[in-house]
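Each chain gets a letter, A, B and so on, in the order its sequence line appears, and its residues count up from 1.
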Amino acid sequence: MNNQRIAEIFNEIADMLELSKDSNIFEIRAYKKAALTIESLSEDVSEIIEKDGIEGLTELNGIGKALAEKINEFIKTGKIKKYEELKKIYPIDFKNLTRIQGLGPKRAYSLYKNLNVSNIEDLKKVLSEKKIQTLPGFGKKSEEELENGIKLLESSKGRILLGKALPEAELIIKKLKSSGFVEKVVLAGSTRRMKETVGDLDILVISITPEKVMDFITKLPEVEKTIAKGITKTTVWLKIGISCDIRVVPKESFGAAQQYFIGSKDHNVKVRQIAVKKGYKLNEYGLYDLKGKIIANEDESNIYEKLGMQYPEPEMRENRGEIELAKENKLPKLIRIDDILGDLHIHSKYSDGLNTIEEMAIAAASLGRSYIGMTDHSKSEYVANGMDEKRVLRYFDEIDKINEKLKNKIKILKSAETDILKDGSLDFSDKVLEKMDYVLASIHTNLNMNRQDMTKRILTAINSYKINIIAHPTARLINQRQPIEFDLDKVFQAAKDNNVVLEINSYPERLDLNDENILRAKEFNLLFSINTDSHRTSNLELLRYGIGMAKRGWLIKKDVINTLPYENLIKLFKK
DNA sequence: GCCGTTTTCGGCCCGACTGTTTTCAGTCG
């Protein structure tokens with residue numbers, strides 16, 4: 001991917017520009033904003049150039065003619081002249097140095113100028129020699145801060161999975177609630193927006209005794225150390241490897257504070273611009289007019305209303321067009337977890353699951369599901385104890401029996417997670433496939449095929465007209481394995497033509513399709529199935545992560561097939 | 001360097017905490 005590297009270069013250019021005396025703060029911001037935009041694209045910039053030329057780039061948020069030229073320069077030559085020239089003046093590894101908590105470009109430059117520090121290794125050396133405390137603007141505390149910053153950086157691997165962050169946040173919130181020091185607690189930040197990975201936790205509190213709240217939080221067993229402690233804001237480092245910000249806000253400002261701290265930053269910048277245009281000022285304490293009179297503060301939706309907008313759900317707040325829709329009163333009514341009636345991707349002891357079919361069915365029924373689809377692995381997945389043609393027939397017989405036994409509780413559909421083989425054929429014969437209520441197919445092997453061959457493989461499978469659902473379509477594992485490479489647009493179009501549904505896999509490591517790809521697939525009017533891919537009964541509750549992804553992808557109830565009652569679903573599967 | 005429902009020029013989001021300071025710069029979100 002070029003995107004990541006270009007974003008890094010733009011960020012470094014911003015850092016270096018910040019050091020020159022005649023720098024323009026807005027130019028610096030422009031580079032940072034562009035870096036954010038490029039980083040979050042689902043498409044490689046070279047693909048955009050290929051399709052729509054440089055003009056395609058200027059369509060992007062925060063990218064004008066000059067930056068588009070620079071991106072093009074990078075694609076063509078592998079270099080950006082402006083960056084190379086700045087780098088000659090400032091041969092400093094800003095990218096890694098500024099990842100240290102508390103170290104920004106200016107102090108990094110001071111370290112370079114005075115002590116010739118150009119990377120983290122150099123910094124460690126001068127720290128051990130205790131040289132930094134002698135520099136102007138630095139002291140003993142700064143030295144300690146840098147030492148700790150390096151340790152934190154090395155012990156953390158950056159962002160952690162939502163599936164790990166959200167339960168931790170909920171645990172802390174529960175403890176705060178029972179502490180007796182708080183009137184109200186809510187979750188904010190990227191965790192509240194259900195982003196697939198989380199860099200830190202943000203928790204908002206109303207309390208008349210903020211000191212006690214801050215004391216309480218810094219002493220929790222989940223906390224490793226305190227980074228900053230004030231009356232309104234405290235930051236702690238959690239043992240799970242991310243930081244957590246606690247903000248105490250006045251009751252009357254709670255709505256404004258939520259609006260501000262839920263983010264995203266991009267969304268907020270735009271909302272504030274709208275406020276300014278209306279002659280208002282918006283900060284975390286409220287919406288004010290020019291005379292400083294409060295227009296709205298206690299209720300979040302009231303703030304949006306006063307700005308002439310609908311209330312956008314937190315999952316949508318990424319500045320991906322939701323603000324424009326909110327102004328036009330056209331926000332979609334997003335899917336809710338209660339809309340889901342069944343779960344169509346579930347494993348049992350027949351392959352690599354931990355529980356029996358019956359146990360899974362009863363657990364699902366107790367969560368209110370009215371049907372499930374059993375999808376144990378096919379024979380190519382021998383490491384996962386995949387079923388051969390004989391065993392899958394026994395599997396179906398057993399499902400029939402359990403269906404009879406549980407007929408008043410839940411319905412079980414017959415299927416199997418059938419491998420899409422290297423040549424695009426399926427891992428079961430037509431004879432077996434015909435006995436299934438629906439066919440769930442997925443890719444598990446030969447993941448590093450080139451883009452062209454992989455596209456052909458998937459298209460062959462889709463065009464066979466035997467598949468109902470493609471499970472975890474990109475096969476990525478967050479922080480572990482890159483998505484497989486294929487032409488998304490071609491596959492989405494073929495899926496539409498063949499009535500193939502795309503899965504949104506709720507497993508925290510997968511979340512596949514992700515929000516970006518859902519938004520893209522939605523352009524093709526595709527249908528989706530939000531499933532848990534459960535391998536044990538407790539996994540059935542992972543559904544909320546898939547719902548989070550679906551909401552981030554702007555899906556409504558009728559986009560998702562497992563909101564349908566059983567009878568309608570069966571009809572949909574009969575092609 | 002970007003951008004346009006007052007604008008192709010002149011704006012561009014806002015506040016908290018820390019350390020080293022005697023009133024503020026740097027960093028962060």
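Atom P of dT23(B) sits at a distance of 29 Å from the matching atom of dG29(B), rounded to the whole Å. For dG26(B) and dT20(B), the C1' atoms lie 11 Å apart once the distance is rounded to whole Å. If you take atom P in dA16(B) and the same atom in dT22(B), they sit 23 Å apart, rounded to whole Å. With both ends at atom P, the span from dT6(B) to dG11(B) equals 16 Å, rounded to whole Å. Remark: the separation of the C1' atoms in dG1(B) and dT5(B) is 24 Å, to the nearest Å. Taking the C1' atom of each, dC28(B) and dC13(B) are spaced 15 Å apart, rounded to whole Å. To the nearest whole angstrom, the two C1' atoms, one in dT21(B) and one in dC14(B), are 24 Å apart. Across the C1' atoms, dT18(B) and dC12(B) are found 28 Å apart, a figure rounded to whole Å.
Toward the 5′ end of DNA chain B lies the nearest nucleotide of Gly64(A), the other residue of the pair Gly64(A) and Glu18(A) mapping further downstream. Taking for each of Phe138(A) and Lys65(A) the nucleotide of DNA chain B with the nearest heavy atom, the 5'-most of the two is the partner of Lys65(A).
Within 4.0 Å of Ile231(A), counting heavy atoms only, lie sugar-phosphate atoms of the nucleic acid but no base atom. Among the protein residues, Ile63(A) comes within range of the sugar-phosphate backbone only, with heavy atoms under 4.0 Å from sugar or phosphate atoms but none that close to a base. Residue-level contact check: Glu145(A) touches neither bases nor backbone, having no heavy atom under 4.0 Å from any strand. Residue Ile28(A) is out of contact with every strand shown, counting any heavy-atom pair closer than 4.0 Å. Lys229(A) comes within contact range of the sugar-phosphate backbone alone, with a heavy-atom separation under 4.0 Å but no base atom that close. Backbone-only contact: Tyr31(A) has heavy atoms under 4.0 Å from sugar-phosphate atoms and none from a base. Nucleic acid contact class of Asn268(A) (heavy atoms, under 4.0 Å, all strands): none. Using a 4.0 Å heavy-atom cutoff across all strands shown, Lys33(A) reaches no nucleic acid atom at all. Residue Lys140(A) is classed as a sugar-phosphate contact, given heavy-atom separations below 4.0 Å to backbone atoms only. As judged by a 4.0 angstrom heavy-atom cut-off over every strand, Pro136(A) is placed among residues making no nucleic acid contact. Residue contacts for Ile227(A): at a heavy-atom cut-off of 4.0 Å it reaches no nucleic acid atom on any strand shown. Heavy atoms of Leu17(A) sit nowhere under 4.0 angstrom from any nucleic acid atom. At a threshold of 4.0 angstrom between heavy atoms, the contacts of Lys82(A) are confined to the sugar-phosphate backbone, with no base atom among them.
Classified by its glycosidic torsion, dT7(B) falls in the syn category, the angle being within 90° of 0.
The distance from atom CE of Met214(A) to atom P of dT18(B) is 10 Å, rounded to the nearest whole Å. Nucleotide dA16(B) holds its P atom 18 Å from the CG atom of Asp200(A), rounded to whole Å. dG11(B) atom P lies 21 Å from atom CZ of Arg272(A), rounded to whole Å. Protein atom CG of Asp245(A) is 14 Å distant from nucleotide atom P of dA16(B), rounded to whole Å. In this entry the distance linking CG of Leu97(A) with C1' of dG26(B) reads 16 Å, nearest Å. For Leu287(A) and dC14(B), the CG to P distance is 11 Å, given to the nearest whole Å. Distance CG (Leu103(A)) to C1' (dA25(B)): 14 Å, rounded to an integer number of Å. What separates CZ of Arg107(A) from C1' of dC24(B) is a distance of 14 Å, to the nearest Å.
Between Lys281(A) and dG15(B) there is a side-chain polar atom (N or O) within less than 4.0 angstrom of OP1 or OP2. For dC28(B), neither phosphate oxygen OP1 nor OP2 lies less than 4.0 angstrom from any side-chain nitrogen or oxygen of Thr235(A). Of the side-chain N and O atoms in Lys70(A), one or more sit less than 4.0 angstrom from OP1 or OP2 of dG1(B). OP1 and OP2 of dG29(B) both lie 4.0 Å or more from every side-chain N or O belonging to Arg247(A).
The side-chain heavy atoms of Lys327(A) and Ile323(A), taken from C-beta on, include a pair separated by under 4.5 Å. Tyr545(A) is listed as a side-chain neighbour of Met194(A), based on a closest heavy-atom distance under 4.5 Å. You'll find the side chain of Leu238(A) reaches within 4.5 Å of the side chain of Val223(A), heavy atoms only.
Pair check for dG15(B) finds dC28(B); Watson-Crick or G-U wobble, both atom distances under 3.5 Å.
Among the nucleotides dG19(B), dC12(B), dC2(B), the one closest to the side chain of Ala66(A) is dC2(B). Side-chain proximity of Leu67(A) to dA16(B), dC12(B), dG1(B): nearest is dG1(B). Considering only the side chain of Lys141(A), dT20(B) comes nearest among dT20(B), dT27(B), dG1(B). Closest to the Ser142(A) side chain, of the nucleotides dC12(B), dC17(B), dT20(B), is dT20(B). Closest to the side chain of Val276(A), out of dC14(B), dG29(B), dC17(B), is dC14(B). Comparing dG26(B), dA16(B), dG1(B) by their closest approach to the side chain of Lys106(A) singles out dG26(B).
If you take CG on Leu67(A) and CD1 on Ile38(A), they are separated by 7.5 Å, rounding to the nearest 0.5 Å.
Every residue meeting the ring pair (Phe, Tyr, Trp, His ring centres under 6.0 Å) condition with Phe10(A), not counting sequence neighbours, appears here in chain and number order: Tyr31(A).
A donor-acceptor contact under 3.5 Å is formed by the side chain of Tyr260(A) with the base of dG29(B). At a cut-off of 3.5 angstrom, counting only N and O atoms as typed in the model, there is no donor on one side facing an acceptor on the other between the side-chain of Asp202(A) and the base of dG29(B).
No cation-pi contact links Arg476(A) to Tyr507(A), judged by a cut-off of 6.0 Å to the six-membered ring centre and 45° from its axis.
Sequence neighbours left out, the pairs with a member in residues 47-69 of chain A that pass side-chain hydrogen bond (donor to acceptor under 3.5 Å, both in side chains) are Glu43(A)-Lys51(A).
Asn517(A) and Arg520(A) form no side-chain donor-acceptor contact under 3.5 Å, judged by distance and modelled atom types alone.
Judged by distance alone, with hydrogens and angles left aside, the side-chain atoms of Gln258(A) form no donor-acceptor pair with the main-chain N or O of Glu300(A) at under 3.5 Å.
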